[in-house]
Amino acid sequence: MTEETRLIHSGLAQTPLARTVGPPIQRGSTVLLPNAAALYDHGAHVTYGRQGLAAQNALTDALAELEHAQSVTLYPSGLAALTGAMLAVLAAGDEVLVVDTIYKPTRRFCDTVLKRFGVKVRYYPPSLDAQALMAVCGPATRLILLESPGSLSFEFQDVPAIATAARARGMLTLIDNTWAAGLLFKPLDHGVDISVQALTKYVGGHSDVFMGSVAVSAPGLIQALDDGVLNLGWAVSPDDAYQMLRGLRTLAVRMARHDQSARQVADWLSRQPEVAQVLHPALPGAPGGDIWRRDFSGACGLFAFIFKPGAPMAPAAFLDRLEIFGLGFSWGGFESLAINCDPQFPGRLNSGAYGGPMIRLHIGLEDPDDLIQDLAAGLAAWRAAG
Ligand SMILES: *Cc1c(COP(=O)(O)O)cnc(C)c1O
C-alpha cells in the first residue's frame, strides 16, 4: 500500500476499549458490518449511526429508568420532541385538545403545522377537571395535551384523573413534563401515555445544550415513536448525549438545592408589600397546592409572582435593577433568571387575567440570601418608579 492509502486506514477504532465509568463518545455515521449478510440484517445489527451509538444508548437507558418507561426516543431540542411525538401519533382528520397554558412554541406548531396537515386543534382551560374535559371531547379527539404546571402561570392539572378518563375512552394523553424534569413527577405511573421533556432545562443543567426526550411504555406507542424518529430523521450527537448523561448524574442533588432555595425566596417574596401573590405550590393556600402535594415529590426552582398594580414602567425597573438574576429565557441551569410574562399571554383563552404584572423567576444554585438581596434592590427600584 502507498502512504496515501496507509494514512487513510491507520488509526481507526480499536477494540476492545478500556472500560471507563461513562460510555465512549462514539462518533459515527458509517457502522462497519462484519460480513455481507449483516449489511441488510437490520434486526441483528445497528447498521447506521443515526440510530444512535454508545452514548445515545446509555442516555436512553438512563432516561427510561428516570421516567419509569419501557422506551425513550431522543430529539435535537425539547420542542422537536414535542412536535415529533405529535407527528408520530396524529393523522389528518384527528383532533387534538391542548391546554391553554401550553408552552408557546408548542401552541405555534399546533396552530400552523398541525392545522396545515388537517389536524383540528382546540384549546381548553387548565382548570377543567377530568369530567368536564371528557365532556368537550368529540368523536375525532385523538390526543389530549397537558402541561402541569404551566411554565409561566403555574396552573396544576389533575393529570391522573384526566389520563385515566382519556384512556377509558381510547384517547391518548401527552404531557410536557419539563417542570418536573422526570424526577418530581412520573407521568407514566399515573396513566399518561407519552411523557415529554426538554432535557435542555434541568437534565442538561448548565444552559448550554439542546435536547428533548419522549418516554412511552405501550408496545404500539414504542413502535410509533421509533418509526417517527426513523421517518423524520431525528438524530442527536454523541457529544450532546454525553453532556446530558453528565447532567443526569447530579440532577437529584441539584434539584434538591433549587427546591430549597426557591421555597426560601418564594416565602420571602410572599411577605413583601409590593407583591400581590406568589405562584409557588408549596406556599400555604397556593393554587394547585393540593394536586402538587398529592402527585409530586418536590418542586424545582421555577415559579412566578404577581405585582400589585403600580406604575406601568415599574416591572421593567425591577428587572433592570437585578444584578445576580440574568434576564433571559429558558431555565434549569445553575444560574438564576427572571422574565416578565405578560407579553406571552395575548392569544390565550385567558389572555392574562392575573390582576397585575407577572414575573417568572428561576432560582439557581447561588446562595439564596444573595438572591433575596438582589430582589430587594429590584423592589426598591419598583417603588422608585412610581
Ligand atoms: C424550554 C421548553 C421547551 C422546549 O425546549 P427546547 O429544548 O428549548 O426546544 C418545551 N417545554 C417547556 C415547558 C419548556 O420550558
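First listed ligand is number 1; within each ligand, the first listed atom is number 1. Values reported hereafter were calculated over all heavy atoms of this structure, with side chains retained and with hydrogens, waters and symmetry mates removed.
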Trainee: Suppose we measure from atom 5 (O) of ligand 1 to each protein heavy atom; which comes out shortest, and what is that distance?
Mentor: Ala198 CB, 3.2 Å
Trainee: May I ask you to list the atoms of ligand 1 that are less than 4.0 angstrom from any heavy atom of Leu82?
Mentor: 10 (C)
Trainee: Which one of Arg107, Arg122, Arg348 satisfies the salt bridge (Lys or Arg N to Asp or Glu O under 4.0 Å) criterion with Asp100?
Mentor: Arg107
Trainee: Are Arg167 and Asp193 ion-paired here, with the side-chain N under 4.0 Å from a carboxylate O?
Mentor: yes
Trainee: So does Ser153 get a backbone contact from the side chain of Arg360, meaning a donor-acceptor N/O pair under 3.5 Å?
Mentor: no
Trainee: Say whether, by atom type as modelled, one donor and one acceptor occur between the side chain of Thr101 and the main chain of Gly150 under 3.5 angstrom.
Mentor: no
Trainee: Which atoms from ligand 1 have a heavy atom of Gly78 less than 4.0 Å away?
Mentor: 4 (C), 5 (O), 6 (P), 7 (O), 9 (O)
Trainee: Does NZ or CZ of Lys201 fall inside the cone over Tyr103's six-membered ring, less than 6.0 Å from its centre and within 45° of the axis?
Mentor: yes
Trainee: Below 6.0 angstrom between ring centroids: does that apply to Phe318 and Phe305?
Mentor: yes
Trainee: Applying a strict 4.0 Å limit to heavy atoms, is Ser330 in contact with ligand 1?
Mentor: no
Trainee: For the aromatic rings, using the six-membered ring if either is Trp, is the centroid distance between Trp292 and Phe185 under 6.0 Å?
Mentor: no
Trainee: So does Glu274 pair up with Lys308, basic N to acidic O under 4.0 Å?
Mentor: no
Trainee: Determine whether the side chain, the backbone, both or neither of Trp179 has a heavy atom under 4.0 Å from any heavy atom of ligand 1.
Mentor: neither
Trainee: Where on Ser77 is there a heavy atom closer than 4.0 Å to ligand 1, on the side chain, on the backbone, on both, or on neither?
Mentor: both
Trainee: Using a plain distance cutoff, I'd like to know if Lys201 has any nitrogen or oxygen under 3.5 Å from a nitrogen or oxygen of ligand 1.
Mentor: yes
Trainee: Where on Thr200 is there a heavy atom closer than 4.0 Å to ligand 1, on the side chain, on the backbone, on both, or on neither?
Mentor: side chain
Trainee: If you count the atoms of ligand 1 from 1 in the order shown, which ones are under 4.0 Å from a heavy atom of Glu147?
Mentor: 13 (C)
Trainee: Please name the pair of heavy atoms, one in Leu188 and one in Ile194, separated by the smallest distance, quoted to 0.1 Å.
Mentor: CD2-N, 4.2 Å
Trainee: Under 4.0 Å from a heavy atom of Phe210: which atoms of ligand 1 are those, numbered in the order shown and with their elements?
Mentor: 7 (O), 8 (O)
Trainee: Closer than 4.0 Å to some heavy atom of Trp331 - which atoms of ligand 1 meet that?
Mentor: 15 (O)
Trainee: What protein heavy atom sits nearest atom 12 (C) of ligand 1, and how far away is it?
Mentor: Asp176 OD2, 3.4 Å
Trainee: Which ligand 1 atoms are under 4.0 Å away from a heavy-atom of Leu79?
Mentor: 4 (C), 5 (O), 6 (P), 9 (O)
